Amino acid sequence: MKTVILDGAVCARREAAMAALSTVLELPDWWGKNLDALCDCLWEVGEVRILVKNHGAMMAAPFGRALWRALTETAEENPHLRVAAARRIRLEGRRQGRLKLLAGKLPGRKGSGAFLRFP
């Protein structure tokens, strides 16, 4: 499974988010660069885990909230897609440790959100 890390601060703005997603997911040049087209393309990219760092910055902007909703709703339907907000990221080579994630839950919704650990 391919793991992609997105910066929520970048994904709060439509143009920057679409450019970042196009690059990290290696989407074709002809894709529509809107949320509907993104959801369609996510079915074609294979097994992907999308981690969003700076999740709070993403959720502070209207487009960021819409993008998060599109990603998590697509992940609910697509068994090959996982989306999560990263609480702490330690990149390989910098420190030994594990990645701790808050599973794709929107703030303010009921439920504590399961913590997942990836080596």
Side-chain angles (χ1 to χ4, degrees):
M1 179 176 281
K2 177 180 178 178
T3 299
V4 172
I5 299 174
L6 297 175
D7 185 346
V10 171
C11 291
R13 297 178 311 278
R14 180 181 302 271
E15 295 80 17
M18 294 303 160
L21 288 163
S22 184
T23 301
V24 297
L25 295 174
E26 300 171 359
L27 300 176
D29 292 335
W30 49 262
W31 81 285
K33 294 180 180 60
N34 61 57
L35 293 178
D36 288 335
L38 174 64
C39 293
D40 291 341
C41 287
L42 288 173
W43 285 90
E44 305 297 326
V45 295
E47 291 191 14
V48 177
R49 178 186 302 132
I50 299 174
L51 307 179
V52 179
K53 67 178 185 174
N54 298 326
H55 181 256
M58 183 181 201
M59 298 306 289
F63 179 76
R65 290 190 298 274
L67 175 58
W68 178 256
R69 187 171 46 253
L71 290 172
T72 55
E73 287 176 1
T74 303
E76 287 174 6
E77 298 172 8
N78 184 345
H80 302 293
L81 176 66
R82 294 175 66 189
V83 176
R87 301 212 66 199
R88 179 178 56 208
I89 294 178
R90 290 185 183 165
L91 300 175
E92 287 182 28
R94 290 194 176 181
R95 288 185 179 180
Q96 294 292 328
R98 293 184 177 258
L99 180 63
K100 197 178 203 181
L101 304 172
L102 178 64
K105 298 276 186 183
L106 288 173
R109 287 199 177 171
K110 290 186 178 181
S112 61
F115 284 95
L116 308 173
R117 292 182 187 269
F118 298 100

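Quick caveat, the model's predicted, so the values are computed rather than measured.
Note that the OG1 atom of Thr72 and the CZ atom of Arg82 stand 14.5 Å from one another [nearest 0.5 Å]. Rounding to the nearest 0.5 Å places CD1 of Ile50 at 10.0 Å from OG1 of Thr3. Atom NZ of Lys53 sits about 13.0 Å away from atom CE of Met58, to the nearest 0.5 Å. Between the SG atom of Cys11 and the CE atom of Met59 there is a distance of 12.0 Å, given to the nearest 0.5 Å. Atoms CG and CG, on Leu71 and Asn78 in that order, are 11.5 Å from each other to the nearest 0.5 Å. Between atom CG of residue Leu81 and atom CZ of residue Arg49 there is a gap of 11.0 Å, rounded to the nearest 0.5 Å.
Cluster annotation: Leu38 and Val4 are assigned to the same hydrophobic cluster (Ile/Leu/Val/Met/Phe/Trp/Tyr, side-chain heavy-atom contacts under 4.5 Å, transitive). Taken together through direct or relayed side-chain contacts under 4.5 Å among Ile, Leu, Val, Met, Phe, Trp and Tyr, Val48 and Val83 form part of one hydrophobic cluster.
At least one side-chain heavy atom of Leu35 sits under 4.5 Å from a side-chain heavy atom of Met18.
When all heavy atoms are compared, the tightest approach of Gly32 to Ala37 is N-CB, 3.7 Å. Closest approach of Pro79 to Trp43, counting heavy atoms only: CD-CZ3, 4.4 Å.
Within the structure, every pair that satisfies the side-chain hydrogen bond (donor to acceptor under 3.5 Å, both in side chains) test and touches residues 5-17, not counting sequence neighbours, is listed here: Asp7-Asn54.
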Distance-only donor-acceptor pairs under 3.5 Å for side chains of residues 20-27, two or more places apart:
residue	atom	partner	partner atom	Å
Ser22	OG	Trp31	NE1	3.4
Thr23	OG1	Ala19	O	3.0

